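Every chain is numbered from 1 and lettered A, B, ... according to where its sequence line falls, protein lines coming before strand lines. This is a predicted model, so every value here is computed, not measured.
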2 protein chains.
Amino acid sequence: MSSVYRAITDAEVAFAADCPSRPILDQIADKWSMMVLAVLEQPRRFNEIKRRLDGVTQRVLTQTLRRLERNGMIERRVLPTSPVGVEYSLTPLGESLREPFGRLYDWTVEHAGEIQERRLAYDKRSS
Amino acid sequence: MSSVYRAITDAEVAFAADCPSRPILDQIADKWSMMVLAVLEQPRRFNEIKRRLDGVTQRVLTQTLRRLERNGMIERRVLPTSPVGVEYSLTPLGESLREPFGRLYDWTVEHAGEIQERRLAYDKRSS
DNA sequence: CTGAATCCACCACGATACTG
DNA sequence: CAGTATCGTGGTGGATTCAG
């Protein structure tokens, strides 16, 4: 098991307000960030990314890319073309995040059916 | 590597609006849900959980617990005490989610310092 | 003790229009 | 092409109060 869970006594399992994970999770644990990192297995242009993320608006994608760039996950490079192009690519840091994200993604796919069932059962009970 | 990333051609890397992972990630990939699951390594009462999640409000915690229950991650059991108590515990489904969540948590702790540096550098550049 | 209910402020997002 | 700017709005969260 991972460090949060292993070999800790009862009283220690808690999340203090200053736990270093909290501001980070706030910034990167959203669905668009996850999808952007997944799609950047190779450098891609802005609209290329946008096309692959069904439903994202231009505004939100821009914000997401900025936040990922600020946190060192991706790099933004302006191409000397006409009209201008912008290429985004993963940094080593961003690359290292793809594995835990991938695990989570795999989990959702694997358990999507069961979750759906549970949800239906719950809604039936409380109706 | 995990299934999203491996052995797929260029054109296939995309997230359709009906990708099964998306509604699930919307429901479970928030920081409070992650912390609740982490804290529930054993059954716990409402206020017990609340105390361990520094900064969560009663309202938000209630909503989080309901959503986790609805999705089959946790079970809610009313204790025949006076005054009434409510105990929350993980289901096998919720238990299985702790591993991917733990990985992500570990990643944030491990890279917190580097992220902080990148952020400072970025802010300095764009000021 | 464990919520449910209410009120309110904020901002996150969608839509749209404009620009280098 | 890759944004920025602006506006309008729904939803989310905080604070507080009430209840079983």
Query raised in the report: Which is it for R22(B) and M35(A) under the side chain to side chain contact (heavy atoms under 4.5 Å, CB included) test, yes or no, and what are the steps along the way?
Result: CA-CA 10 Å; R22(B) 291 186 39 172; M35(A) 293 192 217; 3.4 Å; yes
Query - Minimum-distance nucleotide to Q63(A) side chain [options: dA2(D), dT2(C), dC13(C)] - result: dC13(C)
Report task. Check for a donor-acceptor pair, side chain of R77(B) on one end and backbone N or O of V86(B) on the other, with a separation under 3.5 Å. Result -> no
Requested in this report: Look at R45(B) and dG3(C) and indicate whether a side-chain polar atom (N or O) is within less than 4.0 Å of OP1 or OP2.
Outcome: no
Requested in this report: Using only side-chain N and O atoms of Y88(A), determine if any of them is under 4.0 Å from OP1 or OP2 of dG3(D).
Outcome: yes
Query - Contact under 4.0 Å: T57(A) side-chain N or O vs dC13(C) OP1/OP2 - result: no
Query - Rounded distance (Å) that lies between atom C1' of dC13(C) and atom CG of L61(A) - result: 14 Å
Report task. Go through dG13(D), dC1(D), dG3(D) for me and flag the one nearest to the V60(B) side chain. Result -> dG13(D)
Query - Given DNA chain D, 5'-ward residue of the pair E87(A) and V84(B), judged by closest heavy atom - result: E87(A)
Query raised in the report: How far apart are the C-alpha atoms of D30(B) and R67(B), what are their side-chain angles, what is the distance that settles it, and do they pass the salt bridge (charged side-chain N to carboxylate O under 4.0 Å, His left out) test?
Result: CA-CA 11 Å; D30(B) 64 288; R67(B) 194 172 51 243; 3.4 Å; yes
Query - Side-chain donor-acceptor pair present, N71(B), R118(A), cut-off under 3.5 Å - result: no
Query - R76(B) side chain near dG3(C) phosphate (N/O to OP1/OP2, under 4.0 Å) - result: yes
Query raised in the report: Is there a donor on the side chain of R59(B) or the base of dT12(D) sitting less than 3.5 Å from an acceptor on the other?
Result: no
Report task. Look at the side chain of Q58(B) and the base of dA4(C), then say whether one donor and one acceptor between them are separated by less than 3.5 Å. Result -> yes
Query raised in the report: Which of the following nucleotides, dC1(D), dG3(C), dG13(D), is nearest to the side chain of P83(A)?
Result: dC1(D)
